[in-house]
There are 2 protein chains.
Amino acid sequence: MSATIRDVCRATGFSTATVSRVLNGSPLVTEKTRKRVHAALEKLGYQPNHAARALKMNRTGMIAVVFPDLDNGFFTQILRGIDEAASEFSVHLLTAFTHGPLDEHELITRMVRERRADALILMNLTLKDDFLQQLKQWELPIVLIDRPVKAGGLPFVGIDNRSGATAMTQHLINQGHRRIAFVSGPDRTFDARERLFAFRKTMRKNGLVMDPELIWRGDFTEDSGVRVMERYLREHQSLPDAIFAGNDAMAAGIHAVLRSAGVRVPEDVALAGFDDTDLARHLNLTTIHVPMKLIGHAAAQHALDLMENRDSVHPQSVPTRLVVRTSCGAHRMSARR
Amino acid sequence: MSATIRDVCRATGFSTATVSRVLNGSPLVTEKTRKRVHAALEKLGYQPNHAARALKMNRTGMIAVVFPDLDNGFFTQILRGIDEAASEFSVHLLTAFTHGPLDEHELITRMVRERRADALILMNLTLKDDFLQQLKQWELPIVLIDRPVKAGGLPFVGIDNRSGATAMTQHLINQGHRRIAFVSGPDRTFDARERLFAFRKTMRKNGLVMDPELIWRGDFTEDSGVRVMERYLREHQSLPDAIFAGNDAMAAGIHAVLRSAGVRVPEDVALAGFDDTDLARHLNLTTIHVPMKLIGHAAAQHALDLMENRDSVHPQSVPTRLVVRTSCGAHRMSARR
DNA sequence: GTGAAAGCGCTAACAC
DNA sequence: GTGTTAGCGCTTTCAC
């Protein structure tokens, strides 16, 4: 059994009140007392019982982080970013994966009701909007990652999909590409819609007509990249100038198909991705870097601010960055990373 | 504020004891009372305050999971495995990354002393053995992942490096390769030593002489794979028959060097890895699959058993599996995954 | 500046 | 079966 505050009292002869004051850095104690108490704390290896403290202060020093159980490679980095910011304030992380959409609602509700955490960070890829609205009722700071709630009101941290997709589209155009295909993600995802929107807008802005044949619908998986590319090759004679895949995974699938079809990248067709995963580095894929760790950091900062009732001024939208590699035919004008 | 047990009392007219009995499924309550209490629980959305319960029962329903802050791609999967097993028992996860070796000791000590968790799962890549010995003093279940403590006594879950490396070595030999290079990881890591050991032993068993020139020292990073391969090419005229890299990352580095040197895989040299990361799939690399999720699952099971004072019979060593792709010249005798 | 005592929300004797 | 009550380890009035 760990030492309790009473053990410290016995060791020093002071009351629990005084020891507690020392623990919490109250100025109302003599230097001499403080010294003696500290010595005892040290000797006993005392640390305040977390449950007791949480019960009394109605504050757990925890942020709950809930992720969908997708095999999302970004997860680690986001969590690391959250941890980095939280640990600075000695706030710990309660992480949970939702196992199926049914249990997601239940899991979150329970955690809040049980007061296991002082704030909630949710990766809302799969959460329903009406449920999120309901969360707002609770007097608990909630920060969303990745997707804003339509009806608004809940703070969120995401990436600037539009500026990223715009930068890439413009880059491709600047490289001299005109007939550019865009591989979209599933329509129901926010990222997919935003990226497509920016692509369209940038094309229009540059006076380029959009060929509907060149908007391919994938689902952000590598397999879907394979599928759309195979289908296009089957049904068409000529290639577009460039293919802008909505994410790196699909770009990888496309890359594989092109290679086995004997199509060279970037000589025969330029290829671009989005996300800057490890994969992109290995394929030498020009892509948009998404600073996942920063997102986590920003989300945690936001949550911490809300916990302290500070007004939060942390960014809602984390900037992306164009990473030029060799897959678009650009002269190596940028470092590999 | 969430509802408390007292709110439920007021709503039903029963005492806290009775409500508590219902909450904990005690048989000492009438069916009728149970019904009425349940109705009130439902209506109020009551969930027992976690801190109060933890304080009273001296049990948090939490497992603390501590990982070093390495960019370890396996992390997510291991954590997911842990979560899967733990959530089955409604046990939650307190995850923490250690920020530098200094704070590692402190972080773990504090968490234990504060009684934030009922058990501890540590990824002991960087932990010192004497610190781990010290942990044993505490009356808290601890499970290590990845590396056993030399002095023994602490339960751990890891992979069977030896059988994995043996299987791969034998596979290469069966393919007809005789001069096989092995790229080792850093000597201080357990995995590196084990894999090298099994490689040596299997070579010997097959009556093959080991050329010391063909034991290359990497450090498990992709860059180190690049380095050792470049150096070998610089200093030697001929290639070995096969290269068995101690992990996929180094294999990827080697692959890149070979490609730019115009050396074909597997025609000119066979290449094998270890871990079965996404990378391996993309390089069509023959490798050893390491079931990370299973490791997490086993570790959590172990911890849960210890928490319940059950004798744990869960495996210490999770089996690996040879994944044959095209990089070793084998006829495609196995599915891609 | 320090101590006594109440109470956070819950569980578990112990009474009845 | 149900209620009363003590107490888990801490913080925080309120006295002195």
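Naming convention: chains lettered A, B, ... in sequence-line order (proteins, then strands); numbering from 1 in each chain. Values in this document were obtained by computation on a predicted structure and should not be read as measured data.
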message: Run the side chain to side chain donor-acceptor pair (under 3.5 Å) test against T12(B) and tell me which residues pass, sequence neighbours left out.
response: none
- prompt: Between A85(A) and L304(A), what is the shortest heavy-atom contact and its length?
  reply: O-CD1, 3.7 Å
- prompt: Whole Å only: how far is the CZ atom of R53(B) from the P atom of dC10(D)?
  reply: 21 Å
- line: All heavy atoms of L94(A) vs all of L93(B), minimum pair found to be CD1-O, 3.0 Å
When you compare the protein's N or O atoms with those of nucleotides 14-16 of chain C, which come within less than 3.5 Å of each other, and at what distance?
none

Of residues 7-17 of chain B, the positions that come close to DNA chain D - non-hydrogen atoms, cut-off under 4.0 Å: G13(B), F14(B), S15(B), T16(B), A17(B)
- request: Using atom CG of L28(A) as one end and atom P of dT11(D) as the other, report the distance to the nearest whole Å.
  value: 15 Å
- line: K56(B) atom NZ is separated from dT5(D) atom C1', nearest whole Å, by 10 Å
field: Closest to the V29(A) side chain, choosing from dC10(D), dG9(D), dT2(C)
entry: dT2(C)
Side-chain (R115(B)) to main-chain (H50(A)) donor-acceptor, under 3.5 angstrom: no
message: If you assign M57(B) and T18(B) each to the DNA chain D nucleotide with the nearest heavy atom, which residue ends up on the more 5' nucleotide?
response: T18(B)
- prompt: Are any of R6(A)'s side-chain N or O atoms less than 4.0 Å away from OP1 or OP2 of dG9(D)?
  reply: no
- prompt: Under 3.5 Å, is there a donor-acceptor pair between the T60(A) and D118(A) side chains?
  reply: yes
query: For DNA chain D, what residues of residues 30-48 of chain B have any heavy atom nearer than 4.0 Å?
result: T30(B), T33(B)
query: Short question: side chain of T4(A), backbone of R6(A) - any donor-acceptor pair under 3.5 Å?
result: yes
- prompt: Looking only at atom types and distance, does a side-chain atom of S87(A) sit under 3.5 Å from a main-chain N or O of D83(A), one as donor and one as acceptor?
  reply: yes
- prompt: Salt bridge between R59(B) and E308(B), side-chain N to carboxylate O under 4.0 Å?
  reply: yes
query: So how far off straight is the helix from dG1(C)-dC16(D) to dC16(C)-dG1(D), going by the axes through five pairs at either end, to 10°?
result: 40°
field: Pairs meeting criterion salt bridge (charged side-chain N to carboxylate O under 4.0 Å, His left out) with involvement of residues 10-20 of chain A, two or more places apart
entry: D7(A)-R10(A)
- prompt: Counting only side-chain N and O atoms of N24(B), is one of them less than 4.0 Å from OP1 or OP2 of dT11(C)?
  reply: yes
